[in-house]
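By convention in this document, chain letters (A, B, ...) are assigned in the order of the sequence lines, proteins followed by strands, and residues within each chain are numbered from 1. Keep in mind that what you see is a predicted model, and the values were worked out from it rather than measured.
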2 protein chains.
Amino acid sequence: MNAREKIIHAAMELFWLKGYNSTSIADLLSRTQLNSGSLYHAFPSKQDVLIGVLETYRDGIEAMLLEPAWSKIDDPIEKIFALLAAYRTMIVESECAYGCPIGSLALELHEPDPPVRALLAQNFDKWTGAIEACLSDARKRLPKSTDRRALAQFILTTMEGGVMQARTHRDVSYFDRGIAQLRTHFDLLQKAAKAKA
Amino acid sequence: MNAREKIIHAAMELFWLKGYNSTSIADLLSRTQLNSGSLYHAFPSKQDVLIGVLETYRDGIEAMLLEPAWSKIDDPIEKIFALLAAYRTMIVESECAYGCPIGSLALELHEPDPPVRALLAQNFDKWTGAIEACLSDARKRLPKSTDRRALAQFILTTMEGGVMQARTHRDVSYFDRGIAQLRTHFDLLQKAAKAKA
DNA sequence: TCATGACTTGATTGATCGTTCAAGCAAGTG
DNA sequence: CACTTGCTTGAACGATCAATCAAGTCATGA
């Protein structure tokens, strides 16, 4: 593991735990046992560390997030809820203190430089893209008029909003109720699709 | 307008524009034309300014947010969408750069002191409480089994998630699609309620 | 008239921030 | 051997941070 990898690894964790602004270079150095010169040899600036982190998340969505969550699931709609369940596990394991690393960064960085904002958007796009693929696989169980892209974004919304409230109240049940509402929504959609058929 | 009010007023705007951590005491002083001694006479610390801001939001929800949004609306379900439309206006006016001030703070502050977290939670509770009252007024148009508290929280989720994505993509249509999904959800709920009746 | 207390002034503090860079080190090349 | 190259060392820099406080201002009431 070279210096660059060490820093990215440490930064992924610290940005998630403390946020970007509250993570100092000194934090990264003490965590990695590196000196500042090594860090600045690997990255021109702190923002470039952030960019590296966001690229790593973007490029690792399948292997780090989707594949583990979907290893035992075939049904495309259940894949969606399995992914949400994976986030639930994350919430519980952190005692409701940390949420989605991308969502937190997206709201923390108020005026991000264009490359940073683009990477945040790419992360969201890849996530919703994967969900949209599930919805396409399940298209026969949904009303024909369903806007699958909008519905995929709505699932991201449900996740992020649920995480935000669960974190704020330090109580997973806020997340759970959001998922339950989404389940109701899917039940209604599937019923509507059947009624038309 | 005394020093305390000036600072709260400036802090509400600056925390919204730049976030809490990125707003320095110097920013507040230059905006208010006060000296640091005056600020620290009115508030023991920067965090107490934040607490004052969150209390002001909490106590001003009706007058500052709900009443303006609901002045011309009677239908309880349309009140909900009118409130969401008010947020849409806010998004558009800021060119998708700023979102919900409470939601941003909730995600920016990773380990808030208990009084701060409690105030964030109170703000969310008052918001969802107002929505829940609308849902109660409309209870005859919804299925009997509807969990109105969960549905009210789901509407907050939709708003916050939509704001987050609109901000990240600098594109209101992400917010609009979320609202459209929620409208579909309400249509399905009302249809389900009618079918049972 | 003067004492009191509320509030303001603004220079200053020490800590911490992101960043720099001259110097050093070790492995590889000719 | 000398020389380059890639990387590390860690003290130091200037900027900025939240916070302090002795001194000053001013309205009020005795």
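Surrounding CG of Asp74(A) are at most 12 heavy atoms belonging to other residues, nucleotides or ligands under 6.0 Å away.
Side-chain nitrogen and oxygen atoms of Tyr40(B) include at least one within less than 4.0 Å of the OP1 or OP2 phosphate oxygen of dA19(D).
A side-chain N or O of Arg167(A) and one of Ser104(A) form a donor-acceptor pair less than 3.5 Å apart. Side chains of Ser45(B) and Asp48(B): a donor on one and an acceptor on the other come within 3.5 Å. Checking Arg148(A) against Ser136(A) by side-chain atom types alone, a donor-acceptor pair falls below 3.5 Å. For Thr158(B) and Gln181(B), the side-chain atoms include no donor-acceptor pair closer than 3.5 Å.
Contact of Ser36(B) with dT20(D) (side chain to base): a donor-acceptor pair of N or O atoms is detected under 3.5 Å.
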Quiz item: Going through the checks in order, is the side chain to side chain contact (heavy atoms under 4.5 Å, CB included) test met by Phe186(B) and Leu151(B)?
Solution: CA-CA 10 Å; Phe186(B) 268 89; Leu151(B) 184 52; 4.1 Å; yes

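Below 30°, between 30° and 60°, or above 60°: for Phe15(B) and Tyr20(B) the angle between ring planes is above 60°, a perpendicular geometry.
Extent of DNA chain C lying under 4.0 Å from chain A heavy atoms, first and last nucleotide in 5' to 3' order, is dC17(C) to dC21(C).
The salt bridge (charged side-chain N to carboxylate O under 4.0 Å, His left out) test with Glu78(A) singles out one residue from Arg183(A), Lys72(A), Arg141(A), and that residue is Arg183(A).
Heavy-atom distances under 4.0 Å link DNA chain C to Thr23(A), Ser24(A), Ile25(A) of residues 21-28 of chain A, given in residue order.
For the pair Leu29(B) CG and dA19(D) P, the interatomic distance rounds to 12 Å; values are reported in whole Å. Distance NE2 (His41(B)) to P (dT20(D)): 14 Å, rounded to an integer number of Å.
Residue contacts for Ser45(A): at a heavy-atom cut-off of 4.0 Å it reaches the sugar-phosphate backbone alone, with no base atom in range.
Residues Gln47(A) and Asn35(B) each lie close to DNA chain C; by heavy-atom proximity, the contact nearer the 5' end of the strand is made by Asn35(B). Looking at which nucleotide of DNA chain C each of Lys46(A) and Ala3(B) is closest to, the 5′-most match is held by Ala3(B).
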